[in-house]
Amino acid sequence: MDIDRHSISERMVGNIIAGHDVGRWVYARVGGIYHPEASASVGLERGGEIVAGVVFYNWNGVSAMASIAAVSPLSRGFLGAIFRYPFVVGKLNQIIVTIASYNSRSLRLAARMGFTEQARLPDAHPDGDLILMVLRRENCRFLGARYG
């Protein structure tokens, strides 16, 4: 049986995309209101479908907030892209994410990416506490050649 390496690569790795379709896709999964005029979005597409995305918002010159959603494993290239954009292109010092305390899957993903808990706001989410996690540029392992 012949194997089409390109189709396998595209299914496993995917294509990095940007734009408002990604932002709408992310917010359909994380909730809230997407504001395209005040954000930038990077996504991962496989087989013509968005499978992961990040929306960066509230840029202030040194930090930005981010909302992340994924329904599929993330490729190295995508991880590199979502951290190169704010840290290299945007020259930010840190990225901040907020995660509801009940969302153990998102908390684990953020921790694996290198985010650390900085604050816990009791009862600030409809389903419990709201956790603020931060990843500083100097602690980001996704900026090296391995993720290029």
Side-chain angles (χ1 to χ4, degrees), residues 9-148:
S9 174
E10 197 273 332
R11 282 194 312 260
M12 294 176 66
V13 176
N15 297 313
I16 297 169
I17 60 174
H20 299 309
D21 288 342
V22 174
R24 286 187 285 274
W25 184 91
V26 169
Y27 276 88
R29 278 139 191 88
V30 302
I33 300 171
Y34 174 59
H35 296 281
E37 71 284 353
S39 63
S41 304
V42 179
L44 180 64
E45 182 181 70
R46 291 190 181 119
E49 299 290 327
I50 298 171
V51 296
V54 178
V55 177
F56 298 102
Y57 58 97
N58 286 351
W59 292 71
N60 67 13
V62 293
S63 68
M65 303 290 291
S67 293
I68 304 169
V71 296
S72 180
L74 308 179
S75 68
R76 284 184 188 166
F78 180 67
L79 288 167
I82 64 173
F83 291 109
R84 269 193 311 279
Y85 183 73
F87 290 136
V88 177
V89 176
K91 300 183 182 352
L92 298 180
N93 295 333
Q94 61 187 350
I95 303 167
I96 305 160
V97 295
T98 59
I99 303 172
S101 58
Y102 77 88
N103 193 341
S104 58
R105 185 174 176 207
S106 290
L107 290 167
R108 281 192 309 273
L109 174 63
R112 283 195 318 266
M113 289 177 160
F115 287 85
T116 58
E117 184 175 329
Q118 297 296 302
R120 184 178 289 257
L121 306 173
D123 303 317
H125 187 276
D127 296 318
D129 298 347
L130 191 61
I131 300 172
L132 278 80
M133 298 183 79
V134 172
L135 177 61
R136 297 194 50 83
R137 177 181 26 204
E138 62 268 17
N139 297 331
C140 183
R141 70 179 190 273
F142 302 108
L143 298 178
R146 178 178 184 194
Y147 295 93

- Note on the structure: Interatomic distance, OG@S72 vs CG@L44, rounded to 0.5 Å, equals 7.0 Å
- Query: Below 4.5 Å, heavy atoms only, C-beta onward: do R76 and L79 meet side chain to side chain?
  - Reply: no
- Item | Nearest atoms (heavy-atom pairs only) where L130 meets A100 | CD1-N, 4.1 Å
- Message: Can you tell me how far apart CD1 (I68) and OG (S106) are? Round to the nearest 0.5 Å.
- Response: 8.5 Å
- Message: With a 4.5 Å cut-off on side-chain heavy atoms, are I96 and F115 touching?
- Response: no
- Query: Does the pair E117/R120 count as a salt bridge with the N-to-O cut at 4.0 Å?
  - Reply: yes
- Message: As an exercise, state the distance from CD of Q94 to SG of C140, rounded to the nearest 0.5 Å.
- Response: 12.5 Å
- Task: Report yes if the side chains of L121 and L132 come closer than 4.5 Å at any heavy-atom pair, otherwise no.
- Result: yes
- Write down the atom of M133, the atom of A110, and the distance for their closest heavy-atom approach. SD-CB, 3.8 Å
- Query: What heavy-atom pair brings G114 and L135 nearest, and what distance separates the two atoms?
  - Reply: O-CD1, 3.4 Å
- Would you check if the side chain of S101 reaches a backbone N or O of D129 as a donor-acceptor pair within less than 3.5 Å? yes
- The ring pair (Phe, Tyr, Trp, His ring centres under 6.0 Å) partners of F142 (sequence neighbours excluded) come to F83, Y147
- Regarding H125 and Y102, is there a side-chain donor-to-acceptor distance under 3.5 Å anywhere? no
- Query: What are the two closest non-hydrogen atoms of A52 and F78, and how far apart are they?
  - Reply: CB-CE2, 3.9 Å
- Message: Pair L92, R137 - check side-chain contact (heavy atoms from CB on, under 4.5 Å), show working.
- Response: CA-CA 7 Å; L92 298 180; R137 177 181 26 204; over 6 Å; no
- Task: Indicate yes or no: at least one non-hydrogen side-chain atom of R46 is less than 4.5 angstrom from one of N15.
- Result: no
- Any chance you could lay out the side-chain contact (heavy atoms from CB on, under 4.5 Å) test for T98 and I131, step after step, and finish with the verdict? CA-CA 5 Å; T98 59; I131 300 172; over 6 Å; no
- Message: Is the shortest side-chain heavy-atom distance between Y34 and V55 below 4.5 Å?
- Response: yes
- Determine, step by step, whether L143 and V88 satisfy the side-chain contact (heavy atoms from CB on, under 4.5 Å) criterion, reporting the C-alpha distance in whole Å, the side-chain angles of both residues, the deciding distance to 0.1 Å, and the verdict. CA-CA 8 Å; L143 298 178; V88 177; 4.3 Å; yes
- OG-CG distance between S63 and N58, expressed to the nearest 0.5 angstrom: 8.5 Å
- Message: Side chains of V51 and E45, heavy atoms from C-beta outward: is any pair under 4.5 Å?
- Response: no
- Minimal heavy-atom distance between Y57 and S39, with the atoms involved, is CB-CB, 4.1 Å
- Might you confirm whether atom CD of Q118 has over 12 heavy atoms from other residues, nucleotides or ligands at distances under 6.0 Å? yes
- W25 versus S41: any side-chain heavy-atom pair under 4.5 Å? no
- Go through the steps to decide whether V26 and V54 satisfy the test side-chain contact (heavy atoms from CB on, under 4.5 Å), and finish with yes or no. CA-CA 7 Å; V26 169; V54 178; 5.9 Å; no
- Any side-chain heavy atom of M113 sitting closer than 4.5 Å to one from I82? yes
- Out of curiosity, F56 CZ to S67 OG, how far, rounded to the nearest 0.5 Å? 10.0 Å
- Query: Rounded to the nearest 0.5 Å, how far apart are CE of M65 and CD1 of I95?
  - Reply: 11.5 Å
